[in-house]
Amino acid sequence: MPKKELDTFSVSYLSILDEDGNVDKDLEPKLKKPELIELYRQMVWARRTDERMLKLQRQGRIGTFGPSTGQEAAQCAVAFAMKKQDWFAGAFREHGVRLLRGETLTRQLLYYNGQEEGNINEGAANPRNLPISVIVGAQPLHAVGLAYAMRLQGETETCAVTFMGDGATSEGDFHEAMNFAAVWNLPVLFVVQNNQWAISVPRSKQTKSATIAQKAIAYGMPGIQVDGNDALAVYAAASEALDRGRRGEGPTLIEAVTYRLMMHTTADDQYKYRTKEEEELWWRRDPLVRFRGYLEAKKIWSEKDQEALEEEYKAEIEKQVKAFEEMSGWKPDAPFDHVFGTKHERIEAQRREFLAETAKEAARG
Amino acid sequence: MAKLNMVQAINLALDEMMAEDPSVIVLGEDVGVDGGVFRVTEGLIEKYGEARVIDTPLAESAIIGTAIGMALAGLKPVGEMQFCGFSYIMIPQLEGHGSRYRSRTHGQFHVPLVMRVPYGGGVRALEHHSESREASLGHFPGVKVVIPSGPRNARSLMRAAILDPDPVVYMEPKRSYRAFKEDVPETPETVEIGKAQVIQEGTDVTVIAWGAMMHTTKKAVEEIRQARGASIELIDLLTISPMDTETICASVRKTGRLAVVQEAPLSFGPASEIIATVNDHALMHLEAPVKRVCGYDVVTPYFGRENLYMPTVGRARRGIEEVLDF
């Protein structure tokens, strides 16, 4: 028997609005003017709040966090394509998704100031946002389970969207999640924000694959690489993937090629492993600048609009920071309330000891 | 009232819960068409279909990881780790997420899942198929660990585990799967997780065991009763974590003596925790040092030697008598 070719594969790259502001009219998503403006506003909101959080961290007013500056298109454009009923299982750098899906800056600040209360979905926060997942690559499996439950419960038009970074694709749980989602043919959208760096390890040391998108092929699902700093391309790819999911055609992998313009977290010094020149190259690809240029070319955004937006956000940020700083009165023994949903004497006895010891510690001064 | 072995009793509990509640589902390797390698899930796929009885790909982390997602959305998944020796792969998801969604969100999310873990030696199995690792699992806050010892409590504990709002690791002593039958009532029973059960009252010494060691210990206790008429209080621990301080200490206060029989390695195990608990609450009632009859701190030997390494009726008897004679 001769050796024969069983199959051939290819992998696509999608770019609609390029670095120089050129638009591919055939691929341009049919978004209405107010929608385009709303998406832009969300991206700017994510950037300005991220910048303010960095200042607050440097002033010691919040703890460590991972800035998302530079990744707004990869995040907000996916969230913009999602429906309210879709589940979101993110990692720890999806600030833009969280804000777009109703979480407040105040709540983010609370989380990054070491309070679990910052994870509680209150007010406009979507109850289908899972909290921040710090362990790299663990949450895609939860998205697969959520999608399974949705189908079993008859919500066949609900997708689960999970985010991770390029580093997470080396984890075993990434493989297991991709495999289970494909075998079960579930409406899961895997979004890999390939921001080039997993702390200090570059993309080139993470995988020998020419693209992360092509990993999808081995699992029997579509994968596409998109310009992750191009909000239009991200939106188009995410919309198509979510539509596929809702039609019962299974999961999709999107590799959004972007860049972490800041440090991994505020505890990191990125110049130990990369250059300012590299960062400058990517600043020139800033997704906000590119999208604003697109809106301005369409004559639906102006310098005046921008100034008004900056004023609006400055005031809103002040308001939300103030709200955060005025919060107090956290129940010290709350962790004992939430070990289990049932009461157990062994836990309660320790709570009593904790409260007695805490009072004694307070008395010591 | 039917006479069932433990495999049949767990199967009955799963069947009853799946019939009562459409959100209960079963997933794991070979749990569907094959009915599980121990036949614990036999017949369920025929009754409830492959959407609720899922033959998963071979990946333990994904079994628990997807079960966590299902539980977050309101299902009550019962997952199977085929053997305790393969279950360590579930720990990153169990400790990292299953045990934490409740505390992470102050109760907004919770994870009502059960992971079944057949464990323990005595079945002449290959390497990694005979371990007893309840101590490791019992160390994670937010996780409950339960172990039945016979058909009747296997059924009631499984019911309690599925009804529980939090992750429960349900460890099944393989050696007891088909070793004996018990009367199991027509009407489903439930037990309170976190409560040990005094199965025989006595005044001379308290003896605590769980899982497969209950059967061994019962025989030792009966030998001692016949030989010297000692009045022995026998406790079935049932829940490893959260451990039942009150039942243990109330008994020790009454008898003043204690022996613990544990299949797992000696160090850092539930037996040690039981002694520490007695130390905290009932030390001055002790009239003799507490005896631990345990496995040794060695890598579980292949089955050619395993009988030498597991606590036997003789070792349990000698241990209990040592306490009685002190």
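A note on names: the letters A, B, ... follow the listed sequences, proteins ahead of strands, and every chain is numbered from 1.
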Engineer: Is it the case that the side chains of B:Trp210 and B:Gln262 hold a donor-acceptor pair, with the cut-off being a distance below 3.5 Å and no angle test?
Structural biologist: no
Engineer: If you measure from CD1 on B:Ile64 to CE on B:Met70, what distance do you get to the nearest 0.5 Å?
Structural biologist: 12.0 Å
Engineer: Considering only heavy atoms, which portion of B:Ile89 lies under 4.5 Å from any heavy atom of chain A: side chain, backbone, both, or neither?
Structural biologist: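 Looking at B:Ile89, nothing touches chain A.
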Engineer: If the condition is side-chain hydrogen bond (donor to acceptor under 3.5 Å, both in side chains), which residues does B:Glu46 pass it with, not counting sequence neighbours?
Structural biologist: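 B:Glu46: no side-chain hydrogen bond (donor to acceptor under 3.5 Å, both in side chains) contacts found.
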Engineer: Under a 4.5 Å heavy-atom cutoff, which of B:Pro165, B:Gly74, B:Ala51, B:Gly96 has the most pairs with chain A?
Structural biologist: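 Heavy-atom pair counts peak at B:Ala51.
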Engineer: Look up atom CD1 in A:Ile132 and atom CZ in A:Phe92, then write down how far apart they are to the nearest 0.5 Å.
Structural biologist: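 If we round to the nearest 0.5 Å, A:Ile132:CD1 and A:Phe92:CZ are 9.5 Å apart.
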Engineer: Please check if atom CZ in A:Phe354 has more than 12 non-hydrogen atoms from other residues, nucleotides or ligands closer than 6.0 Å.
Structural biologist: yes
Engineer: So for A:Pro140, is it side chain, backbone, both, or neither that comes closer than 4.5 Å to the heavy atoms of chain B?
Structural biologist: neither
Engineer: Ignoring hydrogens and geometry beyond distance, is a side-chain donor-acceptor pair present between B:Ser272 and B:Arg292 at under 3.5 Å?
Structural biologist: yes
Engineer: Is there a salt bridge (charged side-chain N to carboxylate O under 4.0 Å, His left out) between B:Lys254 and B:Glu233? Walk through the geometry before answering.
Structural biologist: CA-CA 9 Å; B:Lys254 181 170 76 174; B:Glu233 180 137 308; 2.5 Å; yes
Engineer: Quick check - list every chain B-chain A donor-acceptor pair under 3.5 angstrom, one line each.
Structural biologist:
{"from": "B:Ala51", "atom 1": "O", "to": "A:Tyr148", "atom 2": "OH", "distance (Å)": "2.6"}
{"from": "B:Ser61", "atom 1": "OG", "to": "A:Asp173", "atom 2": "OD1", "distance (Å)": "2.5"}
{"from": "B:Ser61", "atom 1": "OG", "to": "A:Asp173", "atom 2": "OD2", "distance (Å)": "3.4"}
{"from": "B:Ala62", "atom 1": "N", "to": "A:Glu176", "atom 2": "OE1", "distance (Å)": "2.6"}
{"from": "B:Ala73", "atom 1": "O", "to": "A:Gln153", "atom 2": "NE2", "distance (Å)": "3.1"}
{"from": "B:Gln93", "atom 1": "OE1", "to": "A:His142", "atom 2": "NE2", "distance (Å)": "2.7"}
{"from": "B:Gln93", "atom 1": "NE2", "to": "A:Ala138", "atom 2": "O", "distance (Å)": "3.2"}
{"from": "B:Gln93", "atom 1": "NE2", "to": "A:Asp173", "atom 2": "OD2", "distance (Å)": "2.9"}
{"from": "B:Tyr101", "atom 1": "OH", "to": "A:His142", "atom 2": "ND1", "distance (Å)": "2.9"}
{"from": "B:Arg104", "atom 1": "O", "to": "A:Asn119", "atom 2": "ND2", "distance (Å)": "3.1"}
{"from": "B:Gln108", "atom 1": "OE1", "to": "A:Asn121", "atom 2": "N", "distance (Å)": "2.5"}
{"from": "B:Gln108", "atom 1": "OE1", "to": "A:Asn121", "atom 2": "ND2", "distance (Å)": "3.4"}
{"from": "B:Gln108", "atom 1": "NE2", "to": "A:Asn121", "atom 2": "O", "distance (Å)": "3.0"}
{"from": "B:Lys144", "atom 1": "NZ", "to": "A:Thr342", "atom 2": "OG1", "distance (Å)": "2.6"}
{"from": "B:Lys144", "atom 1": "NZ", "to": "A:His344", "atom 2": "NE2", "distance (Å)": "3.3"}
{"from": "B:Asp166", "atom 1": "OD2", "to": "A:Gly341", "atom 2": "N", "distance (Å)": "2.6"}
{"from": "B:Thr245", "atom 1": "OG1", "to": "A:Arg346", "atom 2": "NH1", "distance (Å)": "2.9"}
{"from": "B:Glu273", "atom 1": "OE2", "to": "A:Arg346", "atom 2": "NH2", "distance (Å)": "2.6"}
{"from": "B:Thr277", "atom 1": "OG1", "to": "A:Arg346", "atom 2": "NH1", "distance (Å)": "3.4"}
{"from": "B:Thr277", "atom 1": "OG1", "to": "A:Arg346", "atom 2": "NH2", "distance (Å)": "3.1"}

Engineer: Once you round to the nearest 0.5 Å, how far does CD1 of B:Ile240 lie from CG of B:Leu137?
Structural biologist: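 Answer rounded to 0.5 Å: 10.0 Å.
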Engineer: What distance separates B:Cys84 SG from B:Glu134 CD, expressed to the nearest 0.5 Å?
Structural biologist: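 It is 8.0 Å, given to the nearest 0.5 Å.
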Engineer: Taking side chain as everything from C-beta outward and backbone as N, CA, C, O, which of these in A:Val183 sits under 4.5 Å from a heavy atom of chain B? Side chain, backbone, both or neither.
Structural biologist: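 Side chain only.
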Engineer: Given heavy-atom pairs under 4.5 angstrom as the criterion, report whether the side chain, backbone, both or neither of A:Leu152 touches chain B.
Structural biologist: side chain
Engineer: Given heavy-atom pairs under 4.5 angstrom as the criterion, report whether the side chain, backbone, both or neither of A:Ala138 touches chain B.
Structural biologist: both
Engineer: Within the 4.5 Å heavy-atom criterion, are A:Met164 and A:Val136 side-chain neighbours or not?
Structural biologist: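 No, too far: nothing below the 4.5 Å cut-off.
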Engineer: Need one label for B:Leu75: side chain, backbone, both or neither, based on atoms under 4.5 Å from any heavy atom in chain A.
Structural biologist: both
Engineer: Specify which of A:Ile347, A:Val144, A:Leu130 makes the most heavy-atom pairs with chain B at under 4.5 Å.
Structural biologist: A:Leu130
